[in-house]
Amino acid sequence: MIRCTRYLMPTTKETPSDAEVVSHRLMLRAGLIRKVASGIYTYLPAGLRVLRKVERILREEMDRAGAQEVLMPAVVPSELWRESGRWDAYGKELLRFRDRADREFCLGPTHEEVITDLVRREVRSWRQLPLNLYQIQDKFRDEIRPRFGLMRGREFFMKDAYSFDADDESAAESYRKMYDAYCRVFRRMGLDFRAVEADTGNIGGSSSHEFMVIADSGEDAIVSCVSCSYGANVEKAECTPQAGAAAAAPGAGPARKVATPGKRTIGEVSEFLGIDPASLIKTLLFETSAGDVAVLVSGVFDVNEVKVKNHLGADWIRLAGEDRVRELSGAPSGFAGPVGLPVRTIADHSVQAIAAGATGANERDAHLVDVVPGRDFAPEAYADLRTVSGKDPCPRCGAALRFSRGIEVGHVFRLGTRYSEAMRAVYLDPEGKERVAVMGCYGIGVGRTAAAAIEQNHDGDGIVWPISIAPFEVSVIPVNVKNRDVVGAAESVGTALTDRGLEVLLDDREERPGIKFKDADLAGIPVRVTLGEKNVAAGFGEVRDRKTGETLRVELSMLAAETVALVERKKAECAP
RNA sequence: CGGGACGUGGCGCAGCCUGGUAGCGCAUCUGCUUUGGGAGCAGAGGGCCGCCGGUUCGAAUCCGGCCGUCCCGACCA
């Protein structure tokens, strides 16, 4: 049993002005964290208790899934990162420095290199596989813009697991085990989440799923099917090519140039020419590691940079600036078009469906109309290059898609042999032949998960923790600490609850009741036991549910039992 | 990295334009009263006004540089 008078949990009525999102604000106000530098925090006792609860669930589920815990260093020598090729590829997010002997190191933002190095040294035989190792460890990423408290910090705790298998089939099984373990983890935390298909980004690999906690404040947009189980990050979500692409417009005359003074945007051009935006061919110029590329898409859709990047197999991609647009198209931005454009061109399927369209003329204040794809220009390829829209059907079953926002709390990847090949993590198969291990990696942000839980579970009074990750399960409040009977009743119920294995915070401060109630609500402790003077004098106490506000007045002799019962009911809500 | 803003007791802010004894609310400490949803009265402590330089008799205030922080964007397992 912990006593408030002996516990550092500095709550505040007012919020520091730099806290933008609910979870950040409430973590500060509830005395869980304090900022040390941008994106870098100290975890106070109650905040650390929450993280430890999350970690315990992670350990239990990782162990249950057959993974073994290790602990790798935060400081990693550059040689390992050079071997995988990421020393140069990772960019400024990787915090680099030198030791006294001028050797280069980085603070690890993720640990594929270190784990692969370990496994290649220790694993020789197919008999040692499959192997799944995990750690819960401090990570550092020098984020461009840290924000939202623990949601996007620079230093943070992460559970990262890495699997090594003999072949693809076995690797798929390891991946499935982790996927299932993740579902159990988030169910045990009482979170409303979706696992969605995602892009693999910098980490690489063949496929991946993100685990998204549904919250309006989420930084990611996701789609999910209202009918089947399909879900995807919008940057990944597949778009079904529209049916009925006409080869040529019946009766479309030759393309001709029209004056469009000052009309640059789809909206302006559409209105000025009286043409449906769906028939406009939007032309975007990109600079990429694979050279300059023009990307075409129907005026009603948006180009998806991730899809373009993947289609090209490029390492990086960025929209060309105004100067580059002039160089490439010979016109200011807003007037680029595929006809006669001396740049490699690819087009989204939506362009194929345009019978006769309008597009920029590569000339200031001019557009072309009656442009026919295939006749007036021929893209190198048609592909899915646009971002899914509200009108798109589910690519799996054709039903409607629902858009929502989510917080990415976990990510699982099938890595394949990218790292094991580059770093020679090989083993001998039963025939004595050398083979490359097939890898997977699996991350969960510990602090971010706690923050996401708050985003999803709070009200006007503060946090409403799911009981499985609450810093305490029960708060016991003697309304007046100068009344001996009240204090005695509080002490005895607190002791009884502690004896039954509950985590109790006793508010023994000499404060007014209002302050204690407000603090208990703010801290989000799921169950509150209140001992008031009149009730105690009459032999009663109260049990209150933080979430619903429901209060039970029960005899002191039954108080502990009722409290335990309520805690058990709340725990049952967090069953895997 | 581009755009914008802000740095004044622990927190939230005023003062700056128009230079002249550094203020308010909350919090903290002491005493008394109060005790079921952030109490009242009385008293007290706490500041290199982000840092460095310049202008001036005199700078929180004007000027320059730097640092830090936040917001928007670009970017991002």
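Lettering of chains follows the sequences in order, A, B, ..., and the numbering in each one begins at 1.
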* To do: May I have all residue pairs that pass salt bridge (charged side-chain N to carboxylate O under 4.0 Å, His left out) and include part of residues 22-47 of chain A, sequence neighbours excluded?
  =>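 The answer is Asp18(A)-Lys35(A).
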* salt bridge (charged side-chain N to carboxylate O under 4.0 Å, His left out): pairs with one or both residues in residues 172-183 of chain A, sequence neighbours excluded ->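 Applying salt bridge (charged side-chain N to carboxylate O under 4.0 Å, His left out) to every pair that reaches into residues 172-183 of chain A, excluding sequence neighbours, yields Glu173(A)-Arg176(A), Arg176(A)-Asp180(A).
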Counting only Watson-Crick pairs (N1-N3 plus N6-O4 or O6-N4) and G-U wobbles (N1-O2, O6-N3), all under 3.5 Å, who is the partner of [N]?
| N | result |
| --- | --- |
| rC67(B) | rG7(B) |
| rC76(B) | none |
| rU34(B) | none |
| rU18(B) | none |
| rC62(B) | rG54(B) |
| rG46(B) | none |
| rC24(B) | rG12(B) |

* Does a side chain donor of either Tyr162(A) or Asp160(A) reach within less than 3.5 Å of an acceptor in the other side chain? ->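 Indeed, the side chains of Tyr162(A) and Asp160(A) share at least one donor-acceptor pair under 3.5 Å.
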* Residues Glu235(A) and Asn304(A): side-chain donor-acceptor under 3.5 angstrom -> no
Write down the distance separating the [atom1] atoms in [N] and [M], rounded off to the nearest Å.
| N | M | atom1 | value |
| --- | --- | --- | --- |
| rG3(B) | rG19(B) | C1' | 32 Å |
| rA59(B) | rC51(B) | C1' | 15 Å |
| rG73(B) | rU8(B) | P | 26 Å |
| rG12(B) | rG50(B) | P | 14 Å |
| rG64(B) | rA5(B) | P | 14 Å |
| rG10(B) | rC32(B) | P | 29 Å |
| rC16(B) | rU35(B) | C1' | 45 Å |
| rG9(B) | rC26(B) | C1' | 12 Å |

Rounded to whole Å, please give me the gap between [atom1] in [X] and [atom2] in [N].
| X | N | atom1 | atom2 | value |
| --- | --- | --- | --- | --- |
| Glu542(A) | rG37(B) | CD | P | 12 Å |
| Leu8(A) | rA27(B) | CG | C1' | 15 Å |
| Leu95(A) | rC76(B) | CG | P | 19 Å |

Holding to side-chain hydrogen bond (donor to acceptor under 3.5 Å, both in side chains), I want the full list of residues that pass it with [X], two or more places apart in sequence or in another chain.
| X | value |
| --- | --- |
| Arg184(A) | Glu61(A) |
| Asp168(A) | none |
| Lys516(A) | none |
| Ser84(A) | Glu113(A) |

* With sequence neighbours excluded, tell me which residues meet ring-ring contact (aromatic ring centres under 6.0 Å, His included) with Phe156(A). => none
Let me have the donor-acceptor pairs involving side chains of residues 522-535 of chain A, under 3.5 Å, with sequence neighbours excluded, atom names and distances please.
from: Arg528(A); atom 1: NE; to: Thr530(A); atom 2: OG1; distance (Å): 3.1
from: Glu533(A); atom 1: OE2; to: Asn483(A); atom 2: ND2; distance (Å): 2.9
from: Asn535(A); atom 1: OD1; to: Arg553(A); atom 2: NE; distance (Å): 2.8
from: Asn535(A); atom 1: OD1; to: Arg553(A); atom 2: NH2; distance (Å): 3.4

Show me the protein contacts with nucleotides 9-11 of chain B, counting only N or O atoms at under 3.5 Å.
from: rC11(B); atom 1: O2; to: Glu14(A); atom 2: OE1; distance (Å): 3.3

* To do: Please determine if Arg96(A) forms a cation-pi arrangement with Trp87(A), meaning its NZ or CZ atom is less than 6.0 Å from the six-membered ring centre and no more than 45° off the ring axis.
  =>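 Verdict for Trp87(A): a cation-pi partner in Arg96(A).
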* Less than 4.0 Å between a side-chain N and a carboxylate O, is that true for Asp545(A) and Lys547(A)? -> no
* Asked: Who passes salt bridge (charged side-chain N to carboxylate O under 4.0 Å, His left out) against Lys282(A), sequence neighbours left out?
  ->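 By the salt bridge (charged side-chain N to carboxylate O under 4.0 Å, His left out) rule, Lys282(A) matches Asp302(A).
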Could I get a table of every N or O pair under 3.5 Å where one atom is in the protein and the other is in nucleotides 71-75 of chain B?
from: rC71(B); atom 1: OP2; to: Arg145(A); atom 2: NH1; distance (Å): 3.3
from: rC72(B); atom 1: OP2; to: Arg145(A); atom 2: NH1; distance (Å): 3.1
from: rC72(B); atom 1: OP2; to: Arg145(A); atom 2: NH2; distance (Å): 2.8

* Do any of residues 507-518 of chain A sit with a heavy atom less than 4.0 Å from RNA chain B, and if so which? ->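 Arg512(A), Pro513(A), Gly514(A), Ile515(A), Phe517(A), Lys518(A), in order of number.
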* Asked: Would one find a side-chain N or O of Ser38(A) under 4.0 angstrom from OP1 or OP2 of rC70(B)?
  ->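 Yes, such a contact exists.
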* **Residue-phosphate contact under 4.0 Å: Lys35(A) side-chain N/O, rC70(B) OP1/OP2** => yes
* To do: Between Glu533(A) and Gly445(A), name the one whose nearest nucleotide on RNA chain B is closer to the 5' end.
  =>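 The answer here is Glu533(A).
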* Tell whether Asn480(A) reaches the base of rG36(B) with its side chain through a donor-acceptor pair below 3.5 angstrom. =>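 When only heavy-atom distances are counted, Asn480(A) does not reach the base of rG36(B) through any donor-acceptor pair under 3.5 Å.
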* Asp521(A) (side chain) and rG37(B) (base): donor-acceptor pair under 3.5 Å ->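 For Asp521(A), whose side chain was compared with the base of rG37(B), there is a donor-acceptor pair (under 3.5 Å).
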